[in-house]
Amino acid sequence: TIGLQVSSGLQDLSLRDRGGRRRDFHDLGVNTRQAMVHVQESKTGFSGKMIKLTTNHFRLTSRPQWALYQYHVGYSPEMEARRLRSALLFQHEETIGKTHAFDGSILFLPKKLENKVTELFSRTRNGEDVKITVTLTNELPPTSPTCLQFYNIIFRRLLKMLNLQQIGRNYYNPSDPVCIPNHRLMVWLGFTSSILQYEENIMLCADVSHKVLRGETVLDTMHSLHSQVGEERFRDACAKELIGLIVLTKYNNRTYRIDDIDWDNNPKSTFRKSDGSEMSFVDYYKKQYNIEISDWMQPVLISQMKRKRGNIQGSVALIPELCSLTGLTDKMRSDFNMMKDLAIHTRLPPEQRQRELGRLLNYIQKDDNVQKELRNWGLSFDNKSVSFTGRIVQGEKIFQSGAMFDYNPQFADWTKETRGVPLIRSMPMDSWLLIYTRRNYDVANTLLQSLFKVTPSMGIHMNRPSMIEVDDRTEAYLRVLQQRVTSDINIVVCILSSSRKDKYDAIKKYLCTDCPIPSQCVLARTLSKPQTIMTVATKIALQMNCKMGGELWSVEIPLKQVMIVGIDCYHDTVSGKHSIAGFVASLNQSVTRWFSRCVVQSRGQELVDGIKTCLQTALRNWSKWNKSLPSRIFVYRDGVGDGQLNTLVNYEVPQFLDCLKSIGTDYSPRLTVIVVKKRVNARFFAEVGGGLKNPPPGTVVDTVVTRPEWYDFFVVSQTVKNGCVAPTHYNVIYDTSQLKPDHVQRLTYKLCHMYYNWSGIIRVPAPCQYAHKLAFLVGQSIHREPNLMLSDRLYYL
Amino acid sequence: MDKNFKEEFRQIIKFEPPLYKQRHQFVKDLVEKYKPKKVADLGCADCSLLWMLKFCSCIEVLAGLDICADVMKEKMHTLSPLPVDYLQPSERSLTVTLHHGSVAHKDPCMLGFDLVTCIELIEHLEESELKKFPEVVFGFMAPSIVVISTPNSEFNCLLPGVMLYRHPDHKFEWSQAEFQSWALETARCYDYSVEFTGVGHPPTGMEKVGFCTQIGVFFRKYPQTAESVQSEKPMEAVYKTVFKAVYPSLKDEKYLQNAVISEVIFTAQIIKHRLMSKREEYSDDPERKSKFQLSMDCFSDYLGKLVVEKTMEPFVSGNEVYIPLTTIFSFPKVNRLCGTFEKLCKLIAGKVTLSSDGSAVMFNIEHENEDN
């Protein structure tokens, strides 16, 4: 057989069996549906019209009565080396067969050995006789979690056999890259795959994946940073740009995350090898890989190892010159031109995406070795993806100041329809500041004139602002703010001449913490085009109105006495020390006002403790606004990583319940907790006239590709201009609402209409997007909890 | 020899670094010394020697042969190019091939090698195979250098637990005299010279036992002629290829072109960036000018000393920036990649936007700073 050396996936498996910590990316074995009686029978909705869908899932088929046999393998005398253990065992291929997977102690076979316990005798090279005891420990049905993990390992083996390169969790084809020389980028096409038990079948979910690689070494990047920022800010700039990035090395096939940069060391420094001897990096790479390090002054990169494996303890040092960067930095992501150039290659429209996927499956079907391996394990895949019907739920009407608006549901956008219509609640701008540099004097005036034109129809009363000219320096802006901002100011508008983050950060920090007044920063460039200025001014007016506590539009929310909560997290990759949870809760019946707080948590602390406090204050505020406590609470929890579901179910939900109990003994509202996941591999395609199209907004999927042990569903709420639309996955992990699944789905879709920074439908419920915005602002710019005076407004939009 | 004395050694003989590493290091040293371009490892087993050799920059063709396909396949993926090899293709070309077959059979794919290594191979051969082995390796393959290593049976008494042979699959283990007479006879027969050495020194006082692993290095005495390679009649391939990896290399026009385009555009952008920020800074804040110049100095240090003649100055015209190709060509990295200016022009033709006379890279900056 191929790949006797069992993949690291299987090692993980055995690690867990030995009680070690490992992460199960698929959250297998977390069964939340069983506790919810009302969805035992059915978790499907019913409203809307049917739509024929196809997906990127492929059925896995195995022969009848298929099982996987798990054996424990013991050695007497005890053998330490895994290689030796394997070699000794495989001397008995005539007994155990040619098809096997072995990690040194656990052996998987596709067939059952004659006896429950088999004793084998081997001899080592040193002539030592060894008794090997192979004991059957488990007979695994195809649906068992272990078996599913095993399928995934096998499938990864297959991809490896197809000569695809593993980077991170996915596999890529290096031989036909797309080069984007303008940005020094290279894109590899690859696949992400997972095999799971879905509603009725075990299926392979495969998707096209793109890996962005960079044709430069970390040292190259450091040099160009040096030229950009100069000596003084060089180290800071390196830390900001590089920490958190994943690198590939010149000499092995591993990826490392840069966790730190050690400026006190260089390639001439020595390190301790596993045998205890000291050696310099220069000598080591020369001796081991024949690589000459040319720059002896460069610092070394530090990567923390998550797991202690073998002799590698704690962290590894890497040489910048020998590391290549992968992926995109935040800075690159915000580079519009770069993203546009990338999108051409990475945003595949539905048909092309399915075609690429078809190519992979074709490789698999055609490759003899792969087929042999599959056959040996008694497995095969359907080569046609599964089709089923989904539902398109009814479109939502938009209400604004007593008027009701229809819009084209295909576009999922009502910008045009609601233009020039009074807002639900418009906030006056009686007293406000407009701050700009001399160079931007004209732009400031243009903005002002445009605002005067667009605000009256919205119902916003606006006075002339205090116009203040400043030098283009951070300190100058701050000085003006300190002198001029008083508590009767409605809002501060700053026109910035560059997107340099430090100025923005300083302004936001001051006006969110020390002096809590809403603020709006505008890039001068955005205002420089006469043809778009009215659109821009309209958007800014709406945004400012929300920041001051205004309300724009609403949808019909039939539930009464309900509080809706959104939670999202931001993880600070630069310092790696902070995590921030944004917490947003509705305050009124129409779900147009929000209470917002955030929790700043240092590494190792659990976010949930802070979230509990947030929930308590949110309830207090809700009761202040409504003169009672909510009888229903919906929590939309975003920012949950793969493999963290268990923690959420067993730790966070009980904390929510505790918190509710602490409000009062007679208070027991109905609670629903829904985990929101944007990054899913599932894709749906509508079959339209023989071709494939993106499914329209409002498409709900709650069969076939959902998981039997969960109360989950997918909603496609947004539209995309190019590429494939990504559905959002909703997993109801706790629910005492007694609501029908259909109602929960509808409510979820409704909430996707309520994000005020976008007059259209978005990917996630508005509270999640608000929570994300808040956490992002705090994590990126403010770094501590904003002043609570602002908490009843969307000041972070 | 005193029995107790021998017993004592049984306990303590342990090679550091381990013997297999010493054997590999021996081959590597040989490669460093003679710089062969084409190297074959017969009996390559888990490919660990091949893996080590792939880092030797003189080698362009690397081949492995083993009678057991499974053991080769186990680790053959370590011989595949790494992602970084695609990102930064190397100057040299490298092809790694693994063949499944026997050293008792001739296959034309083994012709034309400079170095053939047979590390711990011959003792695994059946008598009949061993008989054919010299004709295949020395007669047919006829490389400039052959390295053969095999256990020295005289050393076995010092190794704990060795009853008959060191490994159950060994068909024989030779004393120094046995190996040397076989080697000398083979060398004489096929017109090679042979030098004997080994790795794994015997303990002090036991020197006459010899090295734990004995090694013979054979040098072909006659020069390789085109005729001698071709004299063999065209024959059928009997080995089965189980693995083949062609490393990306700048020798391959496809990779060279990509590398040149990428470097040209990158260089042009650096120059453009410099030009644009110069314009911007001068028009604005005098305070930052000095800082800017400081960073410029570090910058040109990194790029190597630039000789920028007046005629090669980049310039802005309306919404377009022009960077002369001659300027770009003066950058060391571009220069090294292309060699000649003509080659540069040829490689980027049609792939990079140029001015109408083809003398400069052109950028349109109209939409440069648009975002959102």
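Chain naming here is simple, since letters A, B, ... match the order of the sequence lines and numbering starts at 1 in each.
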Exercise for the section: Taking A/Thr217 for its side chain and A/Asp220 for its backbone only, find out whether a donor-acceptor pair lies under 3.5 Å. Expected result: yes

Fill in the blank from the handout: The side chain to side chain contact (heavy atoms under 4.5 Å, CB included) partners of B/Glu60 (sequence neighbours excluded) come to B/Lys37, B/Ser93, B/Lys251

Exercise for the section: Identify which of A/Ile291, A/Ile167, A/Asn252 forms the greatest number of heavy-atom pairs closer than 4.5 Å to chain B. Expected result: A/Asn252

Handout entry: Non-neighbouring partners of A/Tyr285 that pass ring pair (Phe, Tyr, Trp, His ring centres under 6.0 Å), sequence neighbours left out
Key = A/Tyr251

Practice task
Below 4.5 Å from any heavy atom of chain B, which atoms of A/Lys287 appear? Answer side chain, backbone, both or neither.
Solution key: both

Completion exercise
d(A/Gln165 CD, A/Asn173 CG) to nearest 0.5 Å is 9.5 Å

Practice task
Using a cut-off of under 4.5 Å on heavy-atom pairs, state which of B/Pro83, B/Ala259, B/Ser262, B/Ala268 scores highest against chain A.
Solution key: B/Pro83

Practice task
Could you tell me which portion of B/Lys54 (side chain, backbone, both or neither) has an atom closer than 4.5 angstrom to a non-hydrogen atom of chain A?
Solution key: neither

Fill in the blank from the handout: In A/Arg233, A/Glu231, A/Arg235, the residue satisfying side chain to side chain donor-acceptor pair (under 3.5 Å) with A/His226 is A/Glu231

Handout entry: chain A contact via B/Lys28 - side chain, backbone, both or neither, heavy atoms under 4.5 Å
Key = side chain

